[in-house]
Structures are given as C-alpha cells and as structure tokens.
Amino acid sequence: MDVPDLPPWPATVREAEAVQDRLRSRIDLACPDPPSVRTVAGLDVAYAEDRLAAAIVVLDLDRLDVVEETVVLDRPSFPYVPGLFAFRELPALIEGLRRLSVTPDLLICDGHGLAHPKRFGLACHLGVLTGRPAIGVGKTRLVGAYDEPGADRGSWSSVTEDGEVVGRALRTQTGVRPVFVSVGHRVDLDTACAVTLRLTPRYRLPESTRRADRLSRRALASDRARPGGAP
DNA sequence: GCGACAG
DNA sequence: ATCTTGTCGC
C-alpha cells in the first residue's frame, strides 16, 4: 500500500500538539454511499523495554481469514502521553502499511479517533496521513460521558463530549464490558459499529485487533531470542 | 488542591 | 503497554 513520506517528527509535547491542531482540519467525515468494506486491517503494537513491534493483519471481512500480515520492529517514536499516544507508534505502523501488497478498505486502530481531547486520536491521524478510511476501537474510555449500554450484544450508547457525539460504547458480547468505537477518517459511525460487530462473533475485541496483538507479541519474543545483536 | 488520563 | 498466581465460571 502506498503511503506518503512522513513529515519531520515532533520531539516535544508542544510540537506534537501543534501537529494535531494543524492536521485536524484535514479529517474527512464523509462516507462513501454504499460503504464497501471487504477487507480490514487490524493494527496493534507490543512493547518490551525500549523496543516495540507494530503488527498489521489484513482480514477478509466475510470469511474472517487472513489475507496478509506484516510486522515492523522499531523503537517508540515519542514517550507515552495521554492524548499524544499516536506519536509513539505511528511511524512503525505507517512502515508496516507500506510493506503491504494490498490496500485494505478500512484501518482499525487499537485506540480512539474523534473520541479524543482534541478530536484527533490515533485513528484520525492515521487516516489523514494515509488518506484511507480508519476507525478506532478502544478498550477503555479516554474522553466523554456515556450511559451503560444494554446488556445484550449489539447494544450501544453515545459517548458525548461538549455536547457532541464523539463515539459509541458498543457491547460486542453479552455480559462483557463495552468497547469504544469512534470515527477516524472517511467512514461514519454506523458503518464503524457494523464492521466492529462483524469482527466480534466470539470475543470482546475485533478479530483483526486480536490477530495483530498476537502477531506483535510473537515478533517481540522471537526478536529477543535472536542470536547476535549490538556488539 | 484532587482526580482523570487511549496504549 | 507491562509486571504477575490463583481463581471463578462456562
């Protein structure tokens, strides 16, 4: 998949926030009329000491089987700061996308999109940098208020912040905590939730995210076991 | 001043 | 994210 070169990377909180302020206006909230999503890419990153492994797994949305996968070993590009999380792993994820021979119809991030203090979470950032549709599916809330959704799988409630809907708390399995779905770029919230439900026939988290999680951990472990290293 | 705070 | 044993439940 082709992705434009990355701009110079920020080194401070102040610079990173300036980047978010500048790129925020490039989010496209329109959604193609029949939203056709046949393939999705799950993106996740595992950490160990000063290393990280960014994994991407592309799935066929109908069959839920693997179309292609990539892993990139790297170092964090930024410290972890809530709200600036994207700066930490975006360079490795972008490199992983470049190594894909296919272009997935939708990128699914482990984190948030608009449900972010500046309405520019990882999913928005990744979407804007790639120009591709992206959503965020987070395990916990970052911003916003919501009512507990109904107990059944498929139940949901809006997550609102400053009077606007920034995402949804979506129950993907009966009797399990909801996940937090938000739009990143070029998709609508209904489509984002519909896709998330198709990816969760059995577990709380999307199959795409689960596969990427396993792959990233495996890659970190085998890299640690690798012979040789720095002299 | 005291919490909250994606991964 | 990661550090960690047993334990409750399907």
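In what follows, chains carry the letters A, B, and so on, assigned in the order in which the sequence lines appear, proteins first and then strands, with residues in each chain numbered from 1.
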**Asked** Picking from B:dA6, C:dA1, B:dA4, which would you name as closest to the side chain of A:Arg141?
**Response** B:dA4
**Request:** Please tell me which of the listed nucleotides, B:dC5, C:dT2, B:dG7, lies nearest to the side chain of A:Phe85?
**Result:** B:dG7
Roughly how many Å is it from [atom1] in [X] to [atom2] in [N], rounded to a whole number?
X	N	atom1	atom2	result
A:Arg88	C:dT2	CZ	P	10 Å
A:Phe120	B:dA6	CZ	P	18 Å
A:Asp110	B:dA6	CG	P	12 Å
A:Ile135	B:dA6	CD1	P	19 Å
A:Tyr146	B:dA6	OH	C1'	13 Å
A:Asp74	C:dA1	CG	C1'	16 Å
A:Glu89	B:dA6	CD	C1'	9 Å
A:Asp213	C:dT2	CG	C1'	12 Å

**Non-hydrogen side-chain atoms of A:Tyr47 and A:Pro76 separated by less than 4.5 Å** = yes
**Message:** Quick check against the 3.5 Å criterion: does A:Glu15 have a side-chain atom that pairs as donor or acceptor with the backbone of A:Ala11?
**Reply:** yes
Considering every strand and a 4.0 Å limit on heavy-atom distances, what is the contact class for [X]: base, sugar-phosphate, or nothing?
X	value
A:Leu122	base
A:Ala46	sugar-phosphate
A:Gly136	nothing
A:Leu220	nothing

**Message:** Quick check: A:Phe87 with A:His125 (ring centres under 6.0 Å apart)?
**Reply:** yes
**Message:** Against A:Asp21, only a single residue in A:Arg26, A:Arg14, A:Lys118 fulfils salt bridge (Lys or Arg N to Asp or Glu O under 4.0 Å); can you say which?
**Reply:** A:Lys118
N or O in side chain of [X] less than 4.0 angstrom from [N] OP1/OP2:
X	N	result
A:Arg217	C:dT2	yes
A:Lys139	B:dA6	no
A:Thr140	B:dC5	no
A:Tyr47	B:dG7	no

**Request:** Answer yes or no for A:Arg141 and A:Tyr146: cation-pi contact, defined as NZ/CZ to six-membered ring centre under 6.0 Å and angle to ring axis within 45°.
**Result:** no
**Message:** When you compare the ring of A:Phe180 with the six-membered ring of B:dA6's base, are the centres less than 5.5 Å apart and the planes under 30° from each other?
**Reply:** no
